[in-house]
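In listed order, ligands and their atoms are each counted from 1.
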Amino acid sequence: MNLKILDSNDKNSNNKDLSLKNNTIMKDLAIFGGVPTFTQSLCVNRPHIGIKQNYYKRLDAMFDSRIFTNDGPYVKELEKKIAHFLNVKHCILTCNGTMALQLICKALDLKGEVILPSFTFIATAHALEWQGLTPVFCDINTNTHNIDPESCLELINEKTAAILGVHLWGNGCCVNELETIAREHDIKLFFDAAHAFGCSYQNRPIGGFGDAEAFSFHATKAFSTFEGGAVTTNNDDLANRIKNFRNFGFIDYDCVDGLGINAKMPEVCAAMGLTNLEQFEETVQQNKKTHDHYLKYLHEIKGLSVMNYTEESNYQYVVVEVDKELLGVSRDELLMALHAENILVRKYFYPGCHNMEPYISRAKSNQNNLSSTEHLAQKLLVFPSGFGISKTVIKEIVNTIEIISNLSTEVKTHFS
Ligand SMILES: *Cc1c(COP(=O)(O)O)cnc(C)c1O
């Protein structure tokens with residue numbers, strides 16, 4: 001039963017790793033004992049790597065120079081290029097995005113509470129907590145998945161030091177409304193732009209909004225330096241403070257001006273960034289193609305809808321809302337069935353930061369109305385994307401989902 005024919009020859013892909021199982025075999029769903037659709041796991045955000053040869057050349061020059069870190073030439077070059085690309089005055093590279101967020105908190109001298117959405121990666125909240133700040137979770141808009149300014153406004157009190165907006169999936173988060181709120185309440189505003197490299201908000205590049213923005217250049221992000229991140233800002237004084245804090249607080253030889261840390265990016269990472277930046281447009285084009293294929297083919301399945309991008313985007317995330325009534329299986333049943341096929345869809349950002357430690361144990365975290373967050377956290381799946389996810393691969397993913405949906409009764413029984 002449940003047979004289907006697989007086409008093994010993925011002619012558009014030069015990528016053996018993701019090839020389908022052997023020629024025209026008849027298969028069953030993997031949860032019923034069949035051979036998984038893919039021999040290797042399909043992951044969310046498989047990295048693009050630019051032109052390898054260019055990276056090796058940079059490494060060669062680095063080895064010859066013996067300059068491996070401490071504000072080296074690649075770090076300086078990449079900072080300049082990113083600032084230019086994002087049309088912002090300062091870019092300060094860091095060892096990762098979590099540290100970029102913490103440096104902003106430190107340099108703004110924040111104390112007390114910071115309002116942020118719960119529907120984000122846990123690092124957004126953890127960065128605040130590590131700085132001795134109290135994260136206060138606000139709700140989101142279920143259409144944009146981004147911070148709801150009304151919900152944010154309700155949580156402002158005399159202890160509020162700042163708002164931390166997140167440009168989820170690379171979509172700008174009500175920047176204008178948040179700027180107004182921050183100005184009227186005389187509090188700081190900064191952004192977690194980890195998803196938003198190369199994205200725009202109302203035709204302006206993300207990177208120059210609020211007091212500062214934090215990027216992540218982790219391997220799974222649209223633009224990567226293996227591990228890495230950056231603070232971008234138009235504020236000269238803030239940029240200066242962040243640069244000092246990044247390097248233990250040194251402002252000169254033998255002179256430390258405050259409680260700094262080591263948040264520097266090494267040259268190997270900056271060299272990767274320079275190599276990836278050369279190819280960034282190409283990467284975005286490939287991401288867009290992948291996203292378009294998902295839009296087109298997943299559209300054929302009742303019960304799944306792909307979030308579309310309306311502004312300039314890096315198209316890194318394929319975000320899908322699952323309607324279990326229409327699809328016949330729940331989001332979690334679909335996930336388990338797909339994982340058995342080596343299609344590793346992810347439940348980003350389930351269950352929401354407020355439902356994880358250390359926040360869940362605090363009675364107060366759960367008093368806020370986060371109904372939209374709770375609702376959305378039950379419905380979303382992020383699909384495999386990035387390098388090597390060709391049209392053929394996507395069609396095969398969609399075929400597999402069709403089979404799962406057609407066999408919804410058997411699938412539900414299997415997991416019950
Ligand atoms: C990846 C990510 C971070 C953390 O960045 P790192 O570079 O991994 O420290 C923070 N916030 C969001 C929304 C992210 O997706």
Which ligand 1 atoms, with their elements, are less than 4.0 angstrom from a heavy-atom of [X]?
{"X": "Gly97", "answer": "5 (O), 6 (P), 7 (O), 9 (O)"}
{"X": "Thr124", "answer": "11 (N)"}
{"X": "Asn96", "answer": "7 (O), 9 (O)"}
{"X": "Thr120", "answer": "13 (C)"}
{"X": "Phe121", "answer": "2 (C), 3 (C), 12 (C), 13 (C), 14 (C), 15 (O)"}

Decide whether the shortest distance between a heavy atom of Gly228 and an atom of ligand 1 is less than 4.0 Å. yes
Report yes or no: does Met99 have a heavy atom closer than 4.0 Å to ligand 1? no
At what distance is the nearest protein heavy atom to atom 10 (C) of ligand 1, and which residue and atom is it? Asp192 OD2, 3.5 Å
Ranked by distance from atom 1 (C) of ligand 1, the top protein heavy atom is Lys221 NZ, 1.8 Å
On the ring face of Tyr350, is Arg331 found with NZ or CZ under 6.0 Å from the centre and within 45° of the axis? yes
Any ion pair linking [Y] and [X] (charged N to carboxylate O, less than 4.0 Å)?
{"X": "Glu79", "Y": "Arg246", "answer": "yes"}
{"X": "Glu129", "Y": "Arg362", "answer": "yes"}
{"X": "Lys264", "Y": "Asp71", "answer": "no"}

Quick one: does ligand 1 sit under 4.0 Å from the side chain of [X], the backbone, both or neither, non-hydrogen atoms only?
{"X": "His195", "value": "side chain"}
{"X": "Glu227", "value": "neither"}
{"X": "Thr98", "value": "both"}

Please enumerate all residues that pass side chain to side chain contact (heavy atoms under 4.5 Å, CB included) together with Arg204, with sequence neighbours excluded. Phe209
Those residues at least two apart in sequence (or on a different chain) that pass side chain to side chain contact (heavy atoms under 4.5 Å, CB included) with Cys43 are Ser41, Leu344
Geometric N/O contact His218 with ligand 1, under 3.5 angstrom: no
Is there a donor-acceptor pair closer than 3.5 Å between any side-chain N or O of Asp139 and the backbone N or O of Thr373? yes
Could you go through Asp60 and Arg58, starting from their C-alpha distance and side-chain angles, then the distance that decides it, and tell me whether this counts as salt bridge (charged side-chain N to carboxylate O under 4.0 Å, His left out)? CA-CA 5 Å; Asp60 257 344; Arg58 290 189 168 100; over 6 Å; no
Report yes if the side chains of Pro117 and Phe137 come closer than 4.5 Å at any heavy-atom pair, otherwise no. no
